[in-house]
Amino acid sequence: MLKYLLGLCLWCLSYTLFAQTDKQFTVQLINETVELDGVLEESFWKNADGPNNFQQYFPSDSILAQNQTNIKMVYDNKTLYIGITVKSVGGDWVIPSLKRDFRASGNDNVNLVFDTFNDGTNAFMFGINPYGVQREVLISGGGLDLRGFNTAWDVKWKGESHRYDTYYTAELAIPLTSFKFKEGETKWRFQCYRFDQQTNERSVWFNVPQNQLVISLAFMGDMYFEKPLGKSRTPIALIPYINTQSERNFEDQKGNSKLKVGGDAKVSIGNGMNLDITINPDFSNVEVDDIITNLTRFEVGLPERRQFFVDNSDLFGSFGGSRDANPFFSRRIGIATDTADNNIENRIIGGIRLSGKLNEDWRLGFLNIQTDKDEENEIASNNNMMLALQKKVFSRSNVSMFFVNRQAFGDHDFLDRSDDYNRVLGMDYNLASNDNVWYGKFYLHKSFQPDDNEGNFSSGAFLGRNSRRFNFFQDIAYVGEEFQSDLGFIPRTDIFKTASSAEIVFWPTSETINSYSFEVFPILTWRPGLDFKNSDRDLNLSLNVNFQNQSTGSLGFTNSYIYLTSSFDPTNTDGAIELPAFQEYHFNSVTATYQSNRANVFALETEASVGHFFNGERFSFMGKFNLRLQPKALISLALNYDKLSLPQPYSSADLWLISPRFEFTFSKSLFWTTLMQYSNQQDNFGINSRLQWRFAPLSDLFIVYNDNYYVNQFTPKYRSINLKFTYWLNI
């Protein structure tokens, strides 16, 4: 009996310590001046309230954090001030670089998440590390996965840190105009998470189960303001630029120099809406895309990096299925196909973008961009428009509707009637339960184009459950043969596809292993236009292990079947004999992966795969190696090798992709990054060297050098150098 009473007492104590359905604090209003130096010496910090009693997220999620984080918050009519004390066992902080927008894993840092509309769907995040390096992120989709974690967002705010022997302090000053919120609001939802690399601990203020992402917006407490927040008075921001560029195309022996002028404007409409305007935009300073070795028959989608498309990007780009039927993919704008079927840049003349919250339940997104004509490459001027409307339902779910329109302008002989316009209309329902255990998506889209035929529909259904022990999801997608979205990402049409996953997770009591899981993941595709012929099948079995030292590993087996409906050369070799169409191919492969703790001075990520491939064999190796010379330098090497051995008369190939990267951060405002990429599949060796000087908040001077060579004969292909000056001006 005594044993049961003791157990009951311990349970009650545990519940008292860790139950947090009412975790909250009050943000005090002040009239004092804050000296932002990272040292918490102002008198108001002593009595200020804020989140404390952090709980461990890793390696356990059921105890208080060993090293606590104490946060204080105050505000005036213009700014939210945050004072942070971050404790640890010593001062050996892990800081790979001084560059803004650092990656959280592999760093010592603390991150604050604000759900200003209390909807559990969208949030603003601000982070800082012991050296005062800042990061800001937009979180969308409830923080369900990393696709809703947008690090490309930029906004004005200030932060400084001060380091001591066993802790560091930080002061943040975030203008209220950097947030969006309802006028008269008195409460925001709040979360804070912290990475402590010295003790291998990750902690949170509001407890998050380890089976959920630490950025999930389902797990947040409340912050109350002493007095209601007023109307946002964001000034109009003008961001002009001047760019001088010198380039030479060695293929046609043409070179030129040019001066380009343009700019952006940001206008706040009320407390919840943003109006972005761009005229003659220039994206020459955007980091170059990573080259990918593509052994599939389909296009690969790459992330959007252009700042103009970032704010509230989930309103536009989250419709449909991201892998099979995304009706709007912003990277389509500004890129066109020339007469040789090559993708080339298509100049953007200008555009507007209105996005944000209409009220607590409704969000609106409107985008309209005009691209220029290019008669030499037989490209017409196009107007690209999207309208999106989202309505919150239940606690964290929403219903969304959209309309996409691409309309060609001008009467050109080269413009085919089928290219006059393309329109897509659709509706999505996004499900997210209050505790994030259930999640899903259901959608129906229809496209319109000249001389429509039957079958121009796309639809899908997805339902998943994420729990501590048993996880599963079911994904169904249909893309009609005539469905077309010129501004979308649709790798192929005429498919009915299912993807299923069932996973069981174990949490052992071990000093080595944190958790391990077994997953069954079959993917099947049928072709409705071929009497529902099963054209693709992948049966994936995997064992995944998470170690206590934050390294991970996996071992997987895949059984594949492909029925080719068109001839295909996996090696992408010029003049090669392609594998014949209308034949079946069965093959198996085994894959092993390992990733070390990213906080190590030398960190690595590897993947090796061996097995059959179509009618031949394949061996693949991927490795990424990082060397940290903190805080000034980060040197990395990405290596991909694919050996394809196909029987005669088909081609075999040794495909190499080698990408060394050198990042030097001379200070928190001066960065130099050089990326080299060698790919014999794409017959290109490229060098992109980018020097950035942030001489004022969100104002930069860029020098960008690009050089590209053919691999086989190592002769120059294209070379350019850009000098770009951009300045953020508030009026």
Side-chain angles (χ1 to χ4, degrees), residues 297-299 301 309 315-344 346-349 351 365-375 377-389 400-428 443-460 477-497 525-530 565-566:
R297 297 159 284 161
F298 313 111
E299 179 186 13
F309 296 97
L315 259 174
F316 302 93
S318 62
F319 288 93
S322 60
R323 291 183 177 86
D324 301 297
N326 186 347
F328 183 79
F329 183 54
S330 60
R331 284 183 62 106
R332 297 289 187 214
I333 300 175
I335 296 177
T337 304
D338 63 11
T339 55
D341 205 33
N342 297 314
N343 288 331
I344 62 172
N346 183 207
R347 188 178 77 90
I348 295 176
I349 299 173
F366 175 75
L367 178 147
N368 193 290
I369 294 179
Q370 189 76 27
T371 56
D372 201 2
K373 65 180 179 181
D374 183 351
E375 294 186 347
N377 290 295
E378 298 187 359
I379 299 169
S381 176
N382 280 278
N383 182 261
N384 308 274
M385 186 274 287
M386 183 177 187
L387 173 67
L389 192 63
S400 303
M401 298 153 282
F402 74 90
F403 176 65
V404 176
N405 182 59
R406 181 207 54 81
Q407 180 75 53
F409 280 72
D411 184 16
H412 304 286
D413 293 336
F414 58 77
L415 188 63
D416 190 82
R417 171 175 164 75
S418 62
D419 294 326
D420 281 349
Y421 66 86
N422 171 250
R423 294 160 190 155
V424 186
L425 180 69
M427 176 178 289
D428 287 35
Y443 61 91
L444 177 63
H445 305 161
K446 176 174 170 50
S447 68
F448 304 86
Q449 48 270 347
D451 304 319
D452 265 347
N453 294 313
E454 294 183 1
N456 49 2
F457 283 94
S458 169
S459 61
Y478 166 74
V479 184
E481 187 171 4
E482 299 297 325
F483 182 79
Q484 180 180 333
S485 182
D486 291 352
L487 298 183
F489 180 74
I490 315 292
R492 56 176 171 168
T493 59
D494 186 33
I495 63 167
F496 180 80
K497 179 179 177 181
T525 303
W526 293 268
R527 299 291 302 275
L530 297 176
T565 55
S566 59

Peer 1: Going from CG on Leu487 to CE on Met386, what distance comes out if it is rounded to the nearest 0.5 angstrom?
Peer 2: 9.5 Å

Peer 1: Is the closest side-chain donor-acceptor distance between Arg406 and Asn384 under 3.5 Å?
Peer 2: no

Peer 1: Measure the spacing between CG of Asn326 and OH of Tyr443 and express it to the nearest 0.5 Å.
Peer 2: 9.5 Å

Peer 1: So, does Asn422 use its side chain to make a donor-acceptor pair with the main chain of Ser447 at under 3.5 Å?
Peer 2: no

Peer 1: Do the side chains of Phe328 and Val424 get nearer than 4.5 Å, heavy atoms only?
Peer 2: no

Peer 1: Quick one: does Ile333's side chain get under 4.5 Å of Phe309's, heavy atoms only?
Peer 2: yes

Peer 1: Determine whether Phe489 and Arg332 make a side-chain contact, defined as any pair of heavy atoms from C-beta on separated by less than 4.5 Å.
Peer 2: yes

Peer 1: In chain order, what residues pass the salt bridge (Lys or Arg N to Asp or Glu O under 4.0 Å) check against Arg297, with sequence neighbours excluded?
Peer 2: Asp536

Peer 1: Output the distance between atom CG (Asn368) and atom CG (Leu387), rounded to the nearest 0.5 Å.
Peer 2: 10.5 Å

Peer 1: Any sub-3.5 Å donor-acceptor pair from Asn382's side-chain atoms to Ala380's backbone N or O?
Peer 2: yes

Peer 1: Is the backbone of Ser418 close enough, under 3.5 Å, to the side chain of Asp416 for a donor and an acceptor to pair up by distance?
Peer 2: yes

Peer 1: Nearest 0.5 Å, what's the CG-OG1 distance between Leu530 and Thr565?
Peer 2: 7.0 Å

Peer 1: Testing the basics here: between Pro450 and Asp420, what is the closest heavy-atom pair and its distance to 0.1 Å?
Peer 2: CG-CB, 4.2 Å

Peer 1: Please check if the number of heavy atoms outside Asp411 that lie under 6.0 Å from its CG is greater than 12.
Peer 2: no

Peer 1: I want to check something: taking the side chain as every heavy atom from C-beta on, are Thr525 and Lys497 in contact at a cut-off of under 4.5 Å?
Peer 2: yes

Peer 1: In Å, rounded to the nearest 0.5 Å, how long is the span from CG of Asp428 to CZ of Phe319?
Peer 2: 5.5 Å

Peer 1: Which residues pass the side chain to side chain contact (heavy atoms under 4.5 Å, CB included) test with Glu481, not counting sequence neighbours?
Peer 2: Asp494

Peer 1: Take Thr337 and Asn343 through the test side chain to side chain contact (heavy atoms under 4.5 Å, CB included) and record every step on the way to the result.
Peer 2: CA-CA 5 Å; Thr337 304; Asn343 288 331; 3.6 Å; yes

Peer 1: Mind checking what makes side chain to side chain contact (heavy atoms under 4.5 Å, CB included) contact with Phe409, not counting sequence neighbours?
Peer 2: Gln370, Ser381, Asn383, Gln407

Peer 1: Determine whether Ile490 and Asp324 make a side-chain contact, defined as any pair of heavy atoms from C-beta on separated by less than 4.5 Å.
Peer 2: no

Peer 1: Output the distance between atom CE (Met427) and atom NZ (Lys446), rounded to the nearest 0.5 Å.
Peer 2: 15.5 Å

Peer 1: Would you mind telling me which of Phe457, Phe402, Tyr478 makes a ring pair (Phe, Tyr, Trp, His ring centres under 6.0 Å) with His445?
Peer 2: Phe402

Peer 1: For Ile379 and Thr371, what are the C-alpha separation, side-chain angles and deciding distance, and is it a side chain to side chain contact (heavy atoms under 4.5 Å, CB included)?
Peer 2: CA-CA 10 Å; Ile379 299 169; Thr371 56; over 6 Å; no

